Number of protein chains: 2
Amino acid sequence: MSRASDQAYQKIRAYLLSGAAQPSEQLTEDQLAQIAGVSRTPVREAVRRLEDELLLVRSDTKRLFVADWSRDDIEEMFTLRQMLECHAAERAARRLSRAQVAQLETVNRILKDAIERPVPDVARFLEANRSFHELVIDAAHSPRLGQMLAKLVEAPVVLRTARNYSLDDLRQSARDHDELIAAFAARDPEWARAVMGSHLRRAFHSFANTVGPAAGESTSEAA
Amino acid sequence: MSRASDQAYQKIRAYLLSGAAQPSEQLTEDQLAQIAGVSRTPVREAVRRLEDELLLVRSDTKRLFVADWSRDDIEEMFTLRQMLECHAAERAARRLSRAQVAQLETVNRILKDAIERPVPDVARFLEANRSFHELVIDAAHSPRLGQMLAKLVEAPVVLRTARNYSLDDLRQSARDHDELIAAFAARDPEWARAVMGSHLRRAFHSFANTVGPAAGESTSEAA
DNA sequence: CGAACCGTTATTGTATACAAATCGCTCCCG
DNA sequence: CGGGAGCGATTTGTATACAATAACGGTTCG
């Protein structure tokens, strides 16, 4: 991560997530170059990636703007993620070795540790959670699937910065993981898929309620 | 498409598809710049896109190679495409307007015309087919879904260059489209999903048989 | 005879200067 | 008073030169 384009990517991303930039605000490559502390060349490369991750968008005339995500956008991403990650869980159930299952157990133990502390360590929880899902996706052994999911998972994680997690949510996640591990140990693809499905769907609702409370039917379908 | 980076993308892509480059052959940015007739800067941008589309791959040390697709790779892509495009069909069934359904009918009429000629016009068929699927995906109204599918659909289309289609395959496709239109007209998401599923799965087998005839279990999982 | 080291060459990565395009403003004309 | 053409300023796109890094080959030492 020492290369200038990677550094640019990291810094710009951090900048966007910090909330310092308003949604739909225009950004110029020069500004970003200044923020990242490198020249425009690597910035352009970083911007490409961020566009791909939909954190930045381009106008029809190639000008850059901070993406603004509607509630529909978020729901869409969760839906796609669910579809793909259920598939990943199913495949993983067919392929996971004992050692890999053990690894999942270890990671989930760390995750539980992070929860059950005087004050839950959310950063640690998120990191363990990320690891867990990454292990499952890797085990699915489907490079494109992994690539697509990386994009979908990244983005919402980003938005979670501001979010506050309830203890119940965290504990339920840990239990979901336990059941997922059971499904893997039993080599039952259908079970794994089902558990992953409810796990992610619950996550979506819990997420949606804290971010865009109601949303109703008012703005959604009309446009 | 007059921008240098677009031109580079087109030319390099055409070059790769022409078969002039062997799979796993190394390519340098300079070579590609020469082929595209522009400097390395836009070439690098084009290469990024082609990497994303998996026509090019990078070694761990950033060297560039022509991708070589295993049969497993192809199966994986068809599977993902099926999953996503079934979802698109389902969504489209809920949202398509009468006018859009009419448009699909028009396109499929063109597609049939292309088949039923003294000698079937495959290029015309493929173009109409592409249009048809694109209309469905657009109607699903899910930008990320569209983006992902674009990548998955592009690549195999590429490999089809050498392929020869049987008249039966072409006609079956046309019938599938008709049934899909019927499902849309009836606003039946489940029906649409099911038809799309069998449509694509058949396409996969028909494709796989002409490309990598047997594949069996010999080379696949071991590596 | 083999293997590790070092210098050369090839290749990718970055900075900068310049070209093309777009934007926003003013000014002119209807 | 409104709309559009033109112009200066801003922004993106491309070429080129140079820096950093990785591959290659030869040589030397064990």
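The structure presented is a predicted model; accordingly, all values stated were derived computationally and were not measured. Numbers restart at 1 for each chain; the letters A, B, ... are given by sequence-line order, proteins then strands.
L27(B) places its CG atom 11 Å from the P atom of dT11(C), with the value rounded to the nearest Å. Between L64(B) atom CG and dA23(D) atom P the separation is 14 Å, expressed in whole Å. Taking atom CD of E45(B) as the reference point, atom C1' of dT12(C) lies 16 Å away to the nearest angstrom. In this structure, D60(B) places its CG atom 14 Å from C1' of dT11(C), rounding to the nearest Å. The CZ-C1' distance, from F65(A) to dC23(C), rounds to 11 Å in whole Å. Counting to the nearest Å, the P atom of dT14(D) and the CZ atom of R48(B) are 16 Å from each other. In this structure, R3(A) places its CZ atom 10 Å from C1' of dA20(D), rounding to the nearest Å. One atom, CD of E29(A), and another, C1' of dA21(C), lie 13 Å apart when rounded to the nearest Å.
Residue K62(B) is the one, among K62(B) and S59(A), whose nearest nucleotide of DNA chain C lies closer to the 5' end (criterion: closest heavy atom). Residues P42(A) and T61(A) each lie close to DNA chain C; by heavy-atom proximity, the contact nearer the 5' end of the strand is made by P42(A).
Counting only heavy atoms from C-beta outward, the side chains of D6(B) and R49(B) approach each other to under 4.5 Å. Inter-residue side-chain proximity for I181(A) and F132(A) is flagged as met; some heavy-atom pair is nearer than 4.5 Å. Within the 4.5 Å cutoff, the side chain of Y9(B) has heavy atoms near those of the E53(B) side chain.
Listed by first then second residue, pairs satisfying salt bridge (Lys or Arg N to Asp or Glu O under 4.0 Å) with a partner in residues 101-113 of chain B read K112(B)-D178(B), not counting sequence neighbours.
Neither side chain, Q82(B) nor T79(B), offers a donor N or O lying under 3.5 Å from an acceptor on the other. Between the side chains of S173(A) and D176(A), not a single donor N or O lies within less than 3.5 Å of an accepting N or O.
T41(A) comes within contact range of at least one nucleobase, with a heavy-atom separation under 4.0 Å.
Shown here are the salt bridge (charged side-chain N to carboxylate O under 4.0 Å, His left out) partners of R58(B), two or more places apart in sequence or in another chain: E51(B).
Applying a 4.0 Å cut-off to non-hydrogen atoms, the residues of residues 30-40 of chain A that approach DNA chain C are V38(A), S39(A), listed by residue number.
The side chain of R63(A) approaches dT11(D) more closely than any other nucleotide in the set dT11(D), dT14(D), dT12(C).
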